[in-house]
Amino acid sequence: MPELPEVETTKRGISPHVKNQRVSKVILRRKNLRWPITPALSEDLPGQVIDSVARRGKYLLLATGKGTLLIHLGMSGSLRIVDAKQAAGKHDHVDILFGNQRILRYTDPRRFGCMLWHKADISQHPLLISLGPEPLDSEFDANYLFSKSRGKSATIKTFIMDSKIVVGVGNIYANESLFMAGINPKRRAGKIALARYVKLVDCIKQVLQKAIDVGGTTLRDFTDSNGEPGYFSQSLQVYGRKGLACVACQTILKEIRLGQRSTVYCPRCQR
DNA sequence: ACTTCGACCTGTTGGC
DNA sequence: TGCCAACAGGTCGAAG
């Protein structure tokens, strides 16, 4: 479900409801997410005020005076703001109750996500420490990506999906960005010229920004924190369009697997 | 140091 | 219509 635009949409949706609000209670219904939720979370969080809601890559960071809650939505997770009396469903694993009678509810059928409580400096957290730059920051530019790519044998698609290189480019937006840039996803990252990276970086930024602007991509059941769908799925040019005609040249789009992920591209437009 | 690939889960889809 | 294999937005960490 969530790539960077979906996580950003979630962040924007929950912020007004939780920022500067005091946690009254934490309900843990299921603790075995990707990593166990430690008792420290329900011991330390109640009584704390959420000072800020931030995003780093696909991680959400809720800061308090006592520590930071680090949340990842994995493949199928979501965070919703619900009313205090709203009954919990099968996959509603964590509720964070606030003084304003609202609940921040974590739902995740596959449980690939995580919810970790960290008391020390969050920027030094092992999951964050070696992440690459944010794709929408100015430091993520063609020179950066080009220099990182030298000597790399990975395909360009796998390369831009590597969070040590750049965060937040998941399978949907990797496919879309490469289509927009006219680059064949199988091409080796180390052999692509600087000029093509100029184009690619521009396309990655455009695709992600546009997806954020319309509230993310809804596939199956993604909705924002109010239950509203995202509208970027209407803009998808290649993802999920295997066997259909390329929007630019009508050639039938091809699907292959790269790094165990489905990869759709136009064999004519993408070289 | 690098790359590849299994593993973690449940729900949905598509082919027979 | 029903069954079951294959697949799904991620990414860590072991193995090679």
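Residue numbering restarts at 1 for every chain, and letters A, B, ... go by the order of the sequence lines.
- Residues from residues 110-122 of chain A lying near DNA chain B, meaning a heavy-atom separation below 4.0 Å, are A:Arg110, A:Arg111, A:Phe112 in numerical order.
- Atom name P, nucleotides B:dG6 and C:dA6: the rounded distance is 14 Å, in whole Å.
- Close to C:dA8, at under 4.0 Å from its OP1 or OP2, lies a side-chain N or O of A:Ser262.
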Query raised in the report: Once Watson-Crick and G-U wobble pairs under 3.5 Å are found, how is DNA chain B written in dot-bracket notation, 5' to 3', with | for any base paired to another strand?
Result: .|||||||.|||||||
What pairs of nitrogen or oxygen atoms, one from the protein and one from nucleotides 2-5 of chain B, lie under 3.5 Å apart?
none

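- Inspection of the A:Asp108 and A:Tyr106 side chains reveals an N or O donor paired with an N or O acceptor under 3.5 Å.
- Residue A:Met75 contributes atom CE, which lies 9 Å from atom C1' of C:dC7 at whole-angstrom precision.
- A:Arg257 comes within contact range of the sugar-phosphate backbone alone, with a heavy-atom separation under 4.0 Å but no base atom that close.
- Take A:Lys31 and apply the salt bridge (charged side-chain N to carboxylate O under 4.0 Å, His left out) test, not counting sequence neighbours, and it matches no residue.
- Partners of A:Lys25 according to the side-chain hydrogen bond (donor to acceptor under 3.5 Å, both in side chains) rule, which considers only residues two or more places apart in sequence or in another chain, do not exist here.
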Using a 3.5 Å cut-off and no angle test, enumerate the donor-acceptor pairs between side-chain atoms of residues 185-194 of chain A and protein atoms at least two apart in sequence or in another chain.
| from | atom 1 | to | atom 2 | distance (Å) |
| --- | --- | --- | --- | --- |
| A:Lys186 | NZ | A:Tyr265 | OH | 3.0 |
| A:Arg187 | NE | A:Arg271 | O | 3.2 |
| A:Arg188 | NH1 | A:Ser153 | O | 2.8 |

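- Taking atom CG of A:Leu258 as the reference point, atom P of C:dG10 lies 15 Å away to the nearest angstrom.
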Query raised in the report: Passes side chain to side chain contact (heavy atoms under 4.5 Å, CB included), A:Asn20 versus A:Ile50? Steps please.
Result: CA-CA 5 Å; A:Asn20 300 322; A:Ile50 305 298; over 6 Å; no
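- The nearest whole Å value for the distance from the NE2 atom in A:His93 to the C1' atom in B:dT10 is 9 Å.
- Of the N and O atoms on the side chains of A:Gln206 and A:Asp202, at least one donor lies less than 3.5 Å from an acceptor on the other residue.
- Residue pairs meeting the ring-ring contact (aromatic ring centres under 6.0 Å, His included) criterion with at least one partner in residues 107-128 of chain A, sequence neighbours excluded, are A:His118-A:His125.
- Between the CG atom of A:Leu73 and the C1' atom of C:dT11 there is a distance of 14 Å, rounded to whole Å.
- For A:Leu136, the side chain to side chain contact (heavy atoms under 4.5 Å, CB included) partners are A:Lys205, A:Leu208, A:Gln209, A:Ile212, not counting sequence neighbours.
- The aromatic rings of A:Tyr197 and A:Phe146 sit perpendicular to each other, their planes meeting at more than 60°, with 30° as the lower class boundary.
- Spacing between B:dT3 and C:dG9 at atom C1', rounded to whole Å, works out to 24 Å.
- Qualifying salt bridge (charged side-chain N to carboxylate O under 4.0 Å, His left out) partners for A:Arg241, counting only residues two or more places apart in sequence or in other chains: none.
- Hydrophobic cluster membership of A:Ile129, counting Ile, Leu, Val, Met, Phe, Trp and Tyr whose side-chain heavy atoms lie under 4.5 Å apart directly or via other members: none, as it forms a cluster of its own.
- At whole-Å resolution of the value, CG in A:Asn171 and C1' in C:dT11 are 13 Å apart.
- Applying the side chain to side chain contact (heavy atoms under 4.5 Å, CB included) criterion to A:Ser235, with sequence neighbours excluded, gives A:Lys210, A:Phe232.
- The shortest distance between the side-chain N/O atoms of A:His91 and the OP1/OP2 oxygens of B:dT10 is not below 4.0 Å.
- Between A:Arg261 and C:dG9, a side-chain N or O to OP1/OP2 separation shorter than 4.0 Å is present.
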Mind listing the N/O atom pairs, protein and nucleotides 12-16 of chain C, below 3.5 Å?
| from | atom 1 | to | atom 2 | distance (Å) |
| --- | --- | --- | --- | --- |
| C:dC12 | OP1 | A:Tyr59 | OH | 3.0 |
| C:dC12 | O4' | A:Arg34 | NH2 | 2.6 |

